[in-house]
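Below you'll find the structure, written out as structure tokens, and then a few comments.
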Amino acid sequence: MPSASSTPTDQPSATAAALLQARRDKLAKLHELGIDPWGQRFDNAQPVAVVRERGEGLDQTADDGPTVRVAGRIMLLRNAGRLVFLDLVDRTGRIQIMIGKKQVGPENWPVVSCLDLSDIIGIEGRLGYSNSGEMTIFASSITFLTKSLETPPDKYHGLVDTELRQRMRYLDLIHGEGVRDRFVARSRIIESIRRVLADRGYLEVEGPTLQETAGGAAARPFNTHHNALDIPLVLRIALELHLKRLLVGGMERVFELGRVYRNEGISPRHNPEFTMLEAYEAFGDYNTMMDLTEAVLLAAAEAAGAPETFSWMGHEVSLKPPFPRRRYDDLLAEVTGCDPADPTSVAAAAARHEIETTGRHPDVIKSELFEATVEKTLSGPVFVIDYPASVCPLTKRKANDPTIAERFELYVAGMELANAYTELNDPDLQEELFRTQLDGLPEDESMARMDTDFIKALRHGMPPAGGLGIGIDRLVMFLTQASSIRDVILFPIHRPHGGG
RNA sequence: GCCCCGUUAGCUCAAUUGGUUAGAGCAUCUGACUCUUAAUCAGAGGGUUCUAGGUUCGAGUCCUAGACGGGGCACCA
């Protein structure tokens with residue numbers, strides 16, 4: 001039985017305690033001065049960027065600049081006796097403040113000795129330039145807005161430790177180079193996607209995240225339980241099947257932009273929860289969705305401020321539409337030299353790449369061969385079209401060839417960014433495909449999970465339609481040049497630290 | 001799940017082949033300074049070297065196990 005006494009690691013070191021005490025002493029001093037260290041509403045503050053713009057036109061030698069009012073966090077503090085310089089940062093930028101003992105008067109000056117790095121203050125003062133030519137607000141009053149009790153990271157290096165950066169994202173956002181910009185870009189990208197879809201008459205909807213059956217993708221779900229109903233539930237792994245029910249319901253253009261959950265491995269390209277866009281358009285097909293994909297990507301790139309052509313993970317990428325469209329079998333033949341129409345030839349090529357072939361469905365073998373050989377050659381962007389039908393149980397087959405599914409995947413820089421189909425709307429074929437378990441695929445990894453409620457919906461009639469899925473996190477990675485998915489997710493999953 | 005690498009002060013990093021009391025910058029405290037720019041100058045305090053074992057006269061350094069993180073493989077998007 002573990003000891004009930006507190007472990008030594010619960011005790012802060014003397015350094016940590018002294019750093020904290022120093023700030024608590026200043027907190028107490030503020031109270032003594034009759035100042036609320038936790039501040040109040042602060043009206044009419046101008047964004048630093050606006051103030052800076054205003055300062056650009058000023059005569060640098062004049063001392064009659066306009067009065068401005070800003071609020072922000074103290075990032076640097078330079079104390080020169082009866083004169084203090086500090087760098088104040090708000091959401092729009094950074095500006096230098098000068099506080100002089102004579103200038104702010106005896107009622108303000110004692111407050112200055114209570115200022116620490118990371119405190120949040122409001123400043124009113126004249127905008128001008130310091131002797132060394134830096135744009136500066138010469139403070140006439142200081143308003144204390146919030147005391148910071150913890151020591152900030154190294155003011156020059158910031159927070160470098162990857163783990164700390166992710167667990168304490170708030171610090172990373174304050175101190176990390178470009179971190180804030182990347183998450184701003186993410187927000188703008190998502191905004192642009194909503195705009196593109198809304199402009200085309202799509203409605204945004206919200207499907208259930210708690211489901212009885214995890215359908216629409218090949219992935220292991222998270223299991224949970226509802227107490228009042230006393231039933232097991234799973235978290236959704238895709239948006240697809242409920243959006244298609246809405247097509248049946250006459251919502252002819254719908255999309256959902258939301259979180260899905262897959263109980264699988266973690267890597268620089270995988271987080272257990274991630275954000276998906278799925279969009280469905282009645283009376284369209286996969287060609288419709290290729291056009292939509294190009295529009296979404298172009299708008300997203302513009303929103304993120306990404307150049308039209310750039311290099312990412314060692315690939316040169318140009319987002320200029322139209323993106324090339326290449327048939328799956330053609331690519332496979334080009335790269336491997338096999339005959340995609342001949343299972344024996346495919347199996348022989350697969351064997352050369354040490355892919356297990358015995359007892360497995362020919363299309364599973366083909367699919368693995370494709371992933372092992374073709375994928376990494378796809379710098380893209382390129383639409384890979386017309387997949388082997390049996391690995392696509394939710395996709396309409398080609399009218400003249402039931403072995404080919406009308407599906408595309410968009411590859412950019414060797415990474416799969418989008419996946420789309422001409423949607424299967426034949427309820428009898430859908431039911432049959434749900435019942436079919438492909439040889440060599442464990443049930444967990446199959447999309448063939450029977451959803452009788454969905455089949456019933458299809459029997460009521462789902463219009464022919466195109467459907468599209470885009471992994472938003474990967475899109476953001478690509479457009480903000482991030483090499484890890486954890487750099488574009490604010491709070492990626494982490495194993496809890498020991499000790500509970 | 002498997003393989004490789006990392007973890008030293010609040011933060012960023014040193015520490016020779018295993019050898020004195022584990023060092024430095026930032027941060028903190030004391031003092032000086034009305035134009036600084038990672039301000040500077042003088043002084044002070046601050047460490048369970050991730051954890052638990054082991055080898056050794058002696059371990060931050062070597063060995064074993066574990067924790068957490070990073071990368072790769074597998075799986076997937």
Side-chain angles (χ1 to χ4, degrees), chain A residues 7-9 11-26 75-87 94 96-104 109 116-118 128-136 138 149-168 171 175 216-220 237-238 260-278 368 371-372 375 409-411 415-419 441-442 444-445 447 469-475 477 483-486 492 494-499:
Chain A
T7 57
T9 47
Q11 305 300 324
S13 73
T15 312
L19 289 168
L20 183 62
Q21 191 54 49
R23 284 174 181 251
R24 289 214 174 264
D25 289 346
K26 290 172 183 168
M75 296 300 285
L76 289 175
L77 191 60
R78 296 178 288 279
N79 191 328
R82 278 157 287 181
L83 201 58
V84 169
F85 290 90
L86 50 90
D87 284 12
R94 177 184 291 238
Q96 176 169 269
I97 312 290
M98 192 189 91
I99 306 172
K101 185 177 183 182
K102 206 165 72 185
Q103 288 80 355
V104 297
W109 189 244
D116 279 311
L117 287 175
S118 280
Y129 286 82
S130 70
N131 287 355
S132 55
E134 170 142 1
M135 195 188 296
T136 300
F138 298 89
L149 294 175
E150 292 279 350
T151 309
D154 187 290
K155 68 186 179 189
Y156 185 62
H157 299 94
L159 204 56
V160 168
D161 184 271
T162 315
E163 183 181 355
L164 286 179
R165 285 182 47 210
Q166 291 165 19
R167 289 187 195 265
M168 299 203 279
L171 286 183
H175 297 97
R220 300 171 60 191
I237 58 173
V260 298
Y261 307 86
R262 298 190 183 175
N263 207 340
E264 287 169 353
I266 297 166
S267 85
R269 280 164 298 283
H270 301 84
N271 196 61
E273 53 178 314
F274 63 101
T275 303
M276 281 274 294
L277 165 72
E278 289 196 25
E368 291 202 8
E371 283 168 23
E375 272 192 13
E409 292 195 356
L410 175 68
Y411 282 89
M415 189 167 74
E416 185 192 328
L417 212 60
N419 182 15
L441 276 186
D444 274 350
E445 291 169 19
M447 279 196 266
I470 295 180
I472 298 301
D473 310 273
R474 289 182 173 182
L475 176 63
M477 278 173 73
S483 59
S484 169
I485 199 167
R486 294 182 209 106
H494 273 275
R495 200 183 283 272
H497 274 156

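Since the model is a prediction, treat every value here as computed from it, not as a measurement. Naming convention: chains lettered A, B, ... in sequence-line order (proteins, then strands); numbering from 1 in each chain.
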Assign [X] to base, sugar-phosphate, or nothing according to its heavy-atom contacts below 4.0 angstrom with the strands shown.
X	result
A/E134	base
A/R486	sugar-phosphate
A/L76	sugar-phosphate
A/R474	base
A/N271	base
A/L164	sugar-phosphate

Could you write out each protein N or O paired with an N or O of nucleotides 21-25 of chain B at a distance under 3.5 Å?
{"unit_1": "B/G25", "atom_1": "N2", "unit_2": "A/D154", "atom_2": "OD2", "d": "2.5"}

Nearest-angstrom distance from the residue atom [atom1] of [X] to [atom2] of [N]:
X	N	atom1	atom2	value
A/R269	B/G70	CZ	C1'	13 Å
A/R167	B/C11	CZ	C1'	18 Å
A/I266	B/G71	CD1	C1'	14 Å
A/H494	B/U7	NE2	P	18 Å
A/M135	B/U36	CE	P	18 Å
A/R165	B/G70	CZ	P	11 Å
A/Q166	B/C68	CD	P	15 Å
A/L159	B/G69	CG	P	16 Å

For [X], give me all partners under side chain to side chain contact (heavy atoms under 4.5 Å, CB included), at least two apart in sequence or on another chain.
X	answer
A/D154	A/Y156, A/H157
A/F274	A/V260, A/R262, A/M276, A/D473
A/L19	A/T15, A/T151
A/P272	A/F222, A/I266, A/I493

With a cut-off of less than 4.0 Å, is there a side-chain N or O of A/R78 near OP1 or OP2 of B/U40?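 For A/R78, the contact criterion (side-chain N or O under 4.0 Å from OP1 or OP2 of B/U40) is not met.
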Whole-Å [atom1] distance, [N] and [M]:
N	M	atom1	result
B/U55	B/U40	P	49 Å
B/U49	B/A14	C1'	13 Å
B/G53	B/U61	P	14 Å
B/C62	B/G47	P	25 Å
B/U12	B/G18	C1'	27 Å
B/A74	B/U7	C1'	27 Å
B/U8	B/G60	P	15 Å
B/C5	B/G10	P	28 Å

Polar atoms only, N or O, under 3.5 Å: list the protein pairs with nucleotides 42-44 of chain B and their distances.
none

Would you say the side chain of [Y] lies within less than 4.5 Å of the side chain of [X], judging by non-hydrogen atoms?
X	Y	answer
A/R94	A/M75	yes
A/L171	A/R165	no
A/L77	A/D116	no
A/K155	A/H175	no

Going by the rule side-chain hydrogen bond (donor to acceptor under 3.5 Å, both in side chains), which residues pair with [X] if we only count those two or more places apart in sequence or in a different chain?
X	answer
A/Q96	A/R78, A/T136
A/E163	A/R167, A/H497
A/E273	A/R259
A/T275	A/R186

Please list, for nucleotides 27-35 of chain B, all pairs of protein and nucleotide N/O atoms separated by less than 3.5 Å.
{"unit_1": "B/A27", "atom_1": "OP1", "unit_2": "A/K155", "atom_2": "NZ", "d": "2.3"}
{"unit_1": "B/C29", "atom_1": "OP1", "unit_2": "A/K26", "atom_2": "NZ", "d": "3.0"}
{"unit_1": "B/C33", "atom_1": "N3", "unit_2": "A/G81", "atom_2": "N", "d": "3.1"}
{"unit_1": "B/C33", "atom_1": "N4", "unit_2": "A/G81", "atom_2": "N", "d": "3.4"}
{"unit_1": "B/U34", "atom_1": "OP1", "unit_2": "A/R82", "atom_2": "NH2", "d": "2.3"}
{"unit_1": "B/U34", "atom_1": "OP2", "unit_2": "A/R82", "atom_2": "N", "d": "3.3"}
{"unit_1": "B/U34", "atom_1": "OP2", "unit_2": "A/R82", "atom_2": "NE", "d": "3.2"}
{"unit_1": "B/U34", "atom_1": "OP2", "unit_2": "A/R82", "atom_2": "NH2", "d": "3.4"}
{"unit_1": "B/U34", "atom_1": "O4", "unit_2": "A/K102", "atom_2": "N", "d": "3.3"}
{"unit_1": "B/C35", "atom_1": "O2'", "unit_2": "A/N131", "atom_2": "ND2", "d": "3.3"}
{"unit_1": "B/C35", "atom_1": "O2", "unit_2": "A/N131", "atom_2": "N", "d": "2.6"}

Could you measure the distance from the CG atom of A/N419 to the CD atom of A/E278? Nearest 0.5 Å is fine.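 If we round to the nearest 0.5 Å, A/N419:CG and A/E278:CD are 8.5 Å apart.
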Give me the atom names and distance for the closest heavy-atom approach of A/W109 to A/V84.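 That would be CH2-CG2, 4.2 Å.
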Looking at B/G71, B/G70, B/U36, which one has an atom nearest to any side-chain atom of A/P268?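 So the side chain of A/P268 is nearest to B/G71.
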Of the nucleotides B/G69, B/U36, B/A38, which one has an atom closest to the side chain of A/Y156?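 Output: B/A38.
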Are a donor atom and an acceptor atom from the side chains of A/E134 and A/Y129 found within less than 3.5 Å of each other?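 Distance-only check fails for A/E134 and A/Y129.
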Starting at the 5' end of RNA chain B, which residue's closest nucleotide do you reach first, A/S484 or A/G158?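 By nearest-heavy-atom nucleotide position, the 5'-most residue is A/G158.
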For RNA chain B, write out the stems as range with range, using runs of 3 or more consecutive Watson-Crick or G-U pairs with both distances under 3.5 Å.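 So far as stems of 3 or more pairs are concerned, RNA chain B shows B:1-7 with B:67-73, B:10-13 with B:23-26, B:28-32 with B:40-44, B:50-54 with B:62-66.
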Where the side chain of A/Q166 meets the backbone of A/P492, is there a donor-acceptor pair that is under 3.5 Å apart?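 Absent.
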